[in-house]
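Quick notes on the structure that follows.
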Amino acid sequence: DHGEVLDKSKYGMLGHVPPAFWEEIIRVPLIIGHPDWDADTVDEQVSLLDLKQIVLDSVGLTDKKLVPRDVARSVTPVIAEWEELDDGSITTYRGVRRDDGRKLFGAKRDDVNTLVATEVGSNGSETVVFEGTPDVSTEELPEWAYELRRELSSFGDAVEPNSTHENLITEVDKQHLK
């Protein structure tokens with residue numbers, strides 16, 4: 001499902017809230033096996049969106065014969081919803097992660113909705129390379145984040161205040177939250 005941030009000094013938070021998509025939270029090992037599959041390690045990223053299909057295929061409920069390697073993604077969407085404690089409203093936070101670890105996501109930091117771009121270094125540490133308002137123009141983002149901004153925009157805003165399950169914009173959101 002997700003990991004936990006265990007170093008409060010790193011991002012000013014501990015656990016998996018407020019909504020953010022740091023590496024510790026979304027890059028989580030998945031161990032899955034089936035007697036008919038060859039032993040394999042898949043280092044590429046996969047999405048929970050694809051897990052249902054793999055499980056259905058593995059028990060013969062579809063005609064496909066997918067294995068985890070078949071669903072590796074170069075860009076993976078992420079989504080979280082958060083209930084605001086002060087007024088009970090729901091805010092939807094979305095993001096995208098490339099297979100090289102670069103991410104662009106909406107987050108709440110210090111009680112402010114922000115758009116965050118991060119990179120993962122060769123030592124595995126994550127660095128924030130941009131932080132600003134969710135309505136930032138693409139000219140202000142790092143050059144590599146233009147593509148991610150387009151990808152993110154294709155399934156909704158990075159931060160969508162006052163959202164509800166009934167008015168989620170895309171099927172990606174519904175399937176991911178399911």
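All values below were derived from every heavy atom in this structure, side-chain atoms included, with hydrogens, water molecules and symmetry-related copies excluded.
Here the NZ atom belonging to Lys8 is positioned 13.0 Å from the CG atom belonging to Leu6, to the nearest 0.5 angstrom. Distance check: Asp43 CG to Asp99 CG gives 11.5 Å after rounding to the nearest 0.5 Å. The distance from atom NE2 of His34 to atom CG of Asp57, rounded to the nearest 0.5 Å, is 10.0 Å. Taking CG of Asn113 as the reference point, atom NZ of Lys108 lies at 5.5 Å (rounded to 0.5 Å). Between the CG atom in Asp135 and the CD atom in Glu140 there is a gap of 9.0 Å [rounded to 0.5 Å].
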(request) Determine, stepwise, if the pair Glu24 / Lys10 fulfils salt bridge (Lys or Arg N to Asp or Glu O under 4.0 Å). (result) CA-CA 11 Å; Glu24 295 96 324; Lys10 200 169 184 181; 2.7 Å; yes
(message) For Tyr93 and Phe105: C-alpha separation, side-chain torsions, deciding distance, then whether side chain to side chain contact (heavy atoms under 4.5 Å, CB included) applies.
(response) CA-CA 7 Å; Tyr93 297 89; Phe105 59 91; over 6 Å; no
(request) Assess whether side chain to side chain contact (heavy atoms under 4.5 Å, CB included) is satisfied between Lys64 and Gln53, documenting all intermediate values. (result) CA-CA 9 Å; Lys64 298 179 183 174; Gln53 188 66 49; 4.1 Å; yes
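Hydrophobic side-chain contacts under 4.5 Å tie Leu61 into a cluster, directly or through other members, with Leu56, Val59.
Within a 6.0 Å radius of CG in Asp7, other residues, nucleotides and ligands contribute more than 12 heavy atoms.
The salt bridge (Lys or Arg N to Asp or Glu O under 4.0 Å) check on Asp50 picks up Arg73, with sequence neighbours excluded. Looking at residues two or more places apart in sequence or on another chain, you find no ring pair (Phe, Tyr, Trp, His ring centres under 6.0 Å) involving Trp144. Among residues two or more places apart in sequence or in another chain, the side-chain hydrogen bond (donor to acceptor under 3.5 Å, both in side chains) test is passed with Glu83 by none. For Asp40, the side-chain hydrogen bond (donor to acceptor under 3.5 Å, both in side chains) partners two or more places apart in sequence, or in a different chain, are Arg69.
The hydrophobic clustering, which links ILVMFWY residues whose side-chain heavy atoms are closer than 4.5 Å, places Val42 and Ile32 apart. Under a hydrophobic-cluster definition in which Ile, Leu, Val, Met, Phe, Trp and Tyr are linked whenever side-chain heavy atoms come within less than 4.5 Å, directly or via other members, Phe155 and Leu104 are assigned to the same cluster. Linking Ile, Leu, Val, Met, Phe, Trp and Tyr whenever their side-chain heavy atoms come within less than 4.5 Å puts Val75 and Tyr146 in one cluster. Grouping the Ile, Leu, Val, Met, Phe, Trp and Tyr side chains by contacts below 4.5 angstrom, directly or via other members, places Val5 with Trp82. There is a path of hydrophobic side-chain contacts, each under 4.5 Å, that joins Val136 to Leu148.
With Arg94 contributing its side chain and Asp157 its backbone, the two residues share a donor-acceptor pair below 3.5 Å. Within the 3.5 Å criterion, the main-chain N or O of Leu49 finds a donor-acceptor partner in the side chain of Ser47. Put simply, the side chain of Ser153 never gets that close to the backbone of Arg150: no donor and acceptor are under 3.5 Å apart.
Taking the side chain as every heavy atom from C-beta outward, Leu30 and Val46 approach each other to under 4.5 Å. Inter-residue side-chain proximity for Leu141 and Arg149 is flagged as met; some heavy-atom pair is nearer than 4.5 Å. Considering only heavy atoms from C-beta on, Val159 comes within 4.5 Å of Thr91 through its side chain. Using a 4.5 Å cut-off on side-chain heavy atoms (C-beta onward), Val96 and Phe21 make no contact. Within the 4.5 Å cutoff, side-chain heavy atoms of Ile54 are placed close to those of Val71.
Summarising the geometry of Trp22 relative to Ala20, their closest heavy-atom pair is NE1-CB, 3.2 Å, with the distance given to 0.1 Å. Residues Leu115 and Ala158 approach most closely at CD1-CB, 3.5 Å, considering heavy atoms. Gly3 and Val28 get closest at one heavy-atom pair: N-CG2, 3.3 Å.
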Please set out all donor-acceptor pairs under 3.5 angstrom arising from side-chain atoms of residues 125-132, sequence neighbours excluded.
residue	atom	partner	partner atom	Å
Ser125	OG	Asn123	OD1	2.8
Glu126	OE1	Tyr11	OH	3.2
Glu126	OE1	Glu23	N	2.8
Glu126	OE2	Lys103	NZ	2.5
Glu126	OE2	Thr118	OG1	2.6
Glu131	OE1	Arg109	NH1	3.0

